[in-house]
Q: 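Just dropping this structure here.
Every number for a ligand or one of its atoms is a count from 1 in the order of the listing.
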Amino acid sequence: MGLFQKLKQGLARTSNNIRSKIQSIFQPGALTDEFLDELEAVLIQADVGVEATTALIDSLREESRGKSFETVEDLYRTMAEEVAGIFASIDAPLKVAGQGPTVYTMVGVNGSGKTTTIAKLAHRYTSQNKKVVLAAADTFRAAAGDQLEVWAKRTGADLVRHSHGSDPGAVAFDAARAAIARKADLLLVDTAGRLHTKKNLMEELKKVIRVISREIPGAPHEVILVIDGTTGQNGLIQARVFARAVDITGLCITKLDGSSKGGIAVAIASELGIPVKLVGVGEQASDLRDFDARGFAHSLFGIDQVEC
Ligand SMILES: Nc1nc2c(ncn2[C@@H]2O[C@H](COP(=O)(O)OP(=O)(O)O)[C@@H](O)[C@H]2O)c(=O)[nH]1
Ligand SMILES: [Mg+2]
């Protein structure tokens with residue numbers, strides 16, 4: 001199955017839900033205020049978030065003035081384009097260093113998919129014959145380093161790790177030095193995600209980022225917040241917490257192959273103005289794709305689209 005099909009299937013529950021609710025209230029013709037109110041509730045329930053929903057409803061109201069929607073499919077298409085527009089307005093591809101290693105740091109709560117996403121990126125870049133170094137800066141979870149080691153071996157990436165419980169800043173330092181010395185193209189930095197000591201975690205992340213930026217000018221080129229696409233509104237709350245502490249440059253929404261609530265991607269992008277850069281659509285190394293705003297938006301409304 002293609003990655004786009006996996007995404008579409010993963011979003012099927014959300015899109016079916018959205019479609020059946022809209023279908024039940026849709027009447028051909030002009031959009032009434034009553035309909036728009038109900039539509040608002042449908043979007044909120046789909047985790048699109050208050051801010052994005054308000055913006056969508058407002059522009060739909062604007063756009064539909066003097067216009068009539070003959071079929072509900074017309075409406076889905078208009079809405080999908082609007083959602084795509086929210087993403088497109090902040091869209092930015094993964095940044096790459098002009099010279100020296102490009103550094104991507106993954107942050108996010110435990111279980112969101114940071115280590116897996118690093119593995120997928122390692123797979124992507126080693127497949128392109130790039131030299132990749134992984135930094136196991138999640139020293140909190142004993143298994144995290146082991147997990148990364150398995151993926152390093154599998155993908156042919158180098159790994160820099162210290163013993164369990166050691167200073168993540170020191171791992172970042174060694175990894176940055178190693179990436180430069182070995183003329184690596186990519187340095188991918190894994191971090192811890194425990195939230196019960198929120199303050200310490202944020203301080204730790206800041207330190208990791210500080211160390212990297214000191215050792216490699218212009219780095220990290222991306223600080224990617226990894227969000228589990230199945231967590232709904234919790235994802236928005238997590239994004240606010242992380243964005244307050246560190247400068248998040250992009251999002252990776254994972255588990256969009258599962259029973260995800262993809263609406264959360266719209267909510268975060270809209271409220272925090274952070275572009276979605278990557279989506280995870282499975283547990284395999286190849287299950288990662290660059291974010292495609294239109295493809296995603298069309299999938300959210302269950303609109304058939306050719307593979308893109
Ligand atoms: N179905 C699916 N599972 C994923 C995806 N990304 C990560 N996972 C799974 O989510 C779990 C937690 O992932 P992990 O990378 O260890 O999260 P971390 O704690 O943030 O490092 C693992 O079982 C992964 O296999 C994805 O895109 N789709
Ligand atoms: Mg991990």
Side-chain angles (χ1 to χ4, degrees), residues 1-14 104-124 134-155 157 159-162 164-166 168 171-172 175 188-198 201-202 204-205 208 222-232 234-235 237-239 241-242 246 248 250-262 264-265 276-292 295-296 299:
M1 185 166 34
L3 294 184
F4 183 74
Q5 283 316 108
K6 283 193 184 177
L7 170 67
K8 194 160 174 253
Q9 205 169 64
L11 288 173
R13 195 196 287 181
T14 301
Y104 299 151
T105 303
M106 302 291 142
V107 302
V109 301
N110 272 345
S112 58
K114 295 178 295 299
T115 307
T116 309
T117 301
I118 289 201
K120 292 170 178 176
L121 286 170
H123 170 76
R124 172 190 283 192
L134 309 182
D138 177 0
T139 59
F140 185 76
R141 274 214 302 206
D146 297 340
Q147 195 186 349
L148 215 53
E149 188 152 353
V150 169
W151 283 110
K153 286 211 179 89
R154 230 179 260 175
T155 58
L159 175 70
V160 174
R161 73 181 287 197
H162 289 186
H164 171 54
S166 57
V171 177
L188 305 174
V189 184
D190 197 16
T191 63
R194 71 204 182 282
L195 266 186
H196 60 273
T197 52
K198 210 182 288 174
L201 172 63
M202 295 309 161
E204 180 182 303
L205 292 179
V208 164
E222 298 281 356
V223 177
I224 297 182
L225 175 64
V226 182
I227 298 277
D228 176 340
T230 66
T231 53
N234 223 329
I237 294 163
Q238 289 163 22
V241 172
F242 279 89
V246 290
I248 305 293
L251 299 172
C252 172
I253 312 285
T254 61
K255 310 185 193 182
L256 287 181
D257 54 307
S259 55
S260 79
K261 304 181 170 178
I264 197 61
V276 184
K277 302 219 172 184
L278 296 164
V279 297
V281 291
E283 295 183 277
Q284 304 304 314
S286 57
D287 290 331
L288 182 77
R289 61 179 280 158
D290 288 330
F291 182 66
D292 158 38
F296 179 89
S299 299

Q: Checking Glu283 now: which residues fulfil salt bridge (Lys or Arg N to Asp or Glu O under 4.0 Å) with it, not counting sequence neighbours?
A: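 With sequence neighbours excluded, Glu283 shows a salt bridge (Lys or Arg N to Asp or Glu O under 4.0 Å) to no residue whatsoever.
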Q: List ligand 1 atoms under 4.0 Å from Lys114, heavy atoms only on the residue side.
A: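 The atoms of ligand 1 under 4.0 Å from a heavy atom of Lys114 are 15 (O), 17 (O), 18 (P), 19 (O), 20 (O), 21 (O).
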Q: Just verifying a value: how many Å separate Leu288 CG and Ile118 CD1, rounded to the nearest 0.5 Å?
A: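 Answer for the CG-CD1 pair, Leu288 versus Ile118, is 11.5 Å.
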Q: How close does the nearest protein non-hydrogen atom get to atom 3 (N) of ligand 1, and which residue and atom is it?
A: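 Answer, as residue, atom name and distance: Glu283 CG, 3.3 Å.
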Q: Are side-chain heavy atoms of Ile224 and Leu278 found at a separation under 4.5 Å?
A: yes
Q: Knowing that exactly one of Leu188, Leu205, Ile248, Val189 qualifies, which makes a side-chain contact (heavy atoms from CB on, under 4.5 Å) with Thr105?
A: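 Checked Leu188, Leu205, Ile248, Val189 against Thr105; only one passes side-chain contact (heavy atoms from CB on, under 4.5 Å): Val189.
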Q: Does ligand 1 have an atom under 4.0 Å from some heavy atom of Gly108?
A: no
Q: Considering heavy atoms of the protein only, find what lies nearest to atom 26 (C) of ligand 1 and give residue, atom and distance to 0.1 Å.
A: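 Closest protein heavy atom to atom 26 (C) of ligand 1: Gly282 O, 3.1 Å.
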Q: Which heavy atom of the protein is the closest neighbour of atom 12 (C) of ligand 1, given with residue, atom name and distance?
A: Gly111 O, 3.6 Å
Q: Considering non-hydrogen atoms of the protein only, which is the closest contact for atom 16 (O) of ligand 1, and what is the distance?
A: Gln147 NE2, 3.1 Å
Q: Quick one: closest heavy-atom pair of Thr155 and Ala119, and the distance?
A: CG2-O, 4.0 Å
Q: Under 4.0 Å from ligand 1, counting heavy atoms only, is it the side chain of Leu256, its backbone, both or neither?
A: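 For Leu256, no heavy atom sits under 4.0 Å from ligand 1.
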Q: In terms of heavy-atom contacts, does CD of Gln147 have more than 12 from other residues, nucleotides or ligands at under 6.0 Å?
A: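 More than 12 within 6.0 Å, yes.
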Q: Does ligand 1 have an atom under 4.0 Å from some heavy atom of Gly193?
A: no
Q: Any N/O of Thr116 closer than 3.5 Å to an N/O of ligand 1?
A: yes
Q: Could you check whether atom CD of Gln284 has more than 12 heavy atoms from other residues, nucleotides or ligands sitting under 6.0 Å from it?
A: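 Counting neighbours around CD of Gln284, 12 or fewer heavy atoms of other residues, nucleotides or ligands fall under 6.0 Å, so no.
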Q: If you count the atoms of ligand 1 from 1 in the order shown, which ones are under 4.0 Å from a heavy atom of Gly280?
A: 27 (O)
Q: Using a 4.0 Å heavy-atom cut-off, which part of Asp257 comes near ligand 1: side chain, backbone, both, or neither?
A: side chain
Q: Do Asp190 and Thr115 meet the criterion of a side-chain donor-acceptor pair at a distance under 3.5 Å?
A: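 The criterion, which ignores hydrogens and geometry beyond distance, is satisfied for Thr115 and Asp190.
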Q: Would you say that Ser112 contacts Lys114 through its side chain, given a criterion of any heavy-atom pair below 4.5 Å between the two side chains?
A: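 The answer is yes; the side chains approach within 4.5 Å.
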Q: Please identify which atoms of ligand 1 are closer than 4.0 Å to at least one heavy atom of Val281.
A: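 Those qualifying, in numeric order: 27 (O).
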Q: Side chains of Leu201 and Phe140: does their closest heavy-atom pair fall under 4.5 Å?
A: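 In short, these two side chains do not touch, never coming nearer than 4.5 Å.
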Q: Do any nitrogen or oxygen atoms of Lys255 lie less than 3.5 angstrom from nitrogen or oxygen atoms of ligand 1?
A: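 By distance alone, the answer is yes.
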Q: What protein N/O/S atoms are there under 2.8 Å from the Mg ion (ligand 2), waters excluded?
A: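 Near the Mg ion (ligand 2), the protein supplies Thr115 OG1.
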Q: Just which atoms of ligand 1 are under 4.0 Å from any heavy atom in Val109?
A: 20 (O)
Q: Is Lys6 salt-bridged to Asp287, going by a charged N under 4.0 Å from an acidic O?
A: yes
Q: What heavy-atom pair brings Val160 and Val171 nearest, and what distance separates the two atoms?
A: O-CG1, 3.8 Å
Q: For ligand 1, find out whether one of its N or O atoms is nearer than 3.5 Å to an N or O atom of Thr115.
A: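 N/O-N/O distance below 3.5 Å exists for this pair.
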Q: To the nearest 0.1 Å, how far is atom 17 (O) of ligand 1 from its closest protein heavy atom, and which atom is that?
A: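 Its nearest protein heavy-atom neighbour is Gly113 N, 3.0 Å.
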Q: Any atoms of ligand 1 less than 4.0 Å from a non-hydrogen atom of Lys120? List them with their elements.
A: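 Answer for ligand 1: 6 (N), 26 (C), 27 (O).
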Q: May I ask you to list the atoms of ligand 1 that are less than 4.0 angstrom from any heavy atom of Asn110?
A: 19 (O)
Q: Which residues pass the side chain to side chain donor-acceptor pair (under 3.5 Å) test with His123, sequence neighbours left out?
A: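 For His123 there are no side chain to side chain donor-acceptor pair (under 3.5 Å) partners, ignoring immediate neighbours.
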Q: Can you list everything that forms a salt bridge (Lys or Arg N to Asp or Glu O under 4.0 Å) with Arg124? Sequence neighbours excluded, please.
A: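 Checked Arg124 against salt bridge (Lys or Arg N to Asp or Glu O under 4.0 Å); matches are Asp290.
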Q: If I compare all heavy atoms of Asp228 with all of Gly111, which pair ends up nearest, and what's the gap?
A: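 Shortest heavy-atom separation between Asp228 and Gly111 comes out as OD2-O, 4.3 Å.
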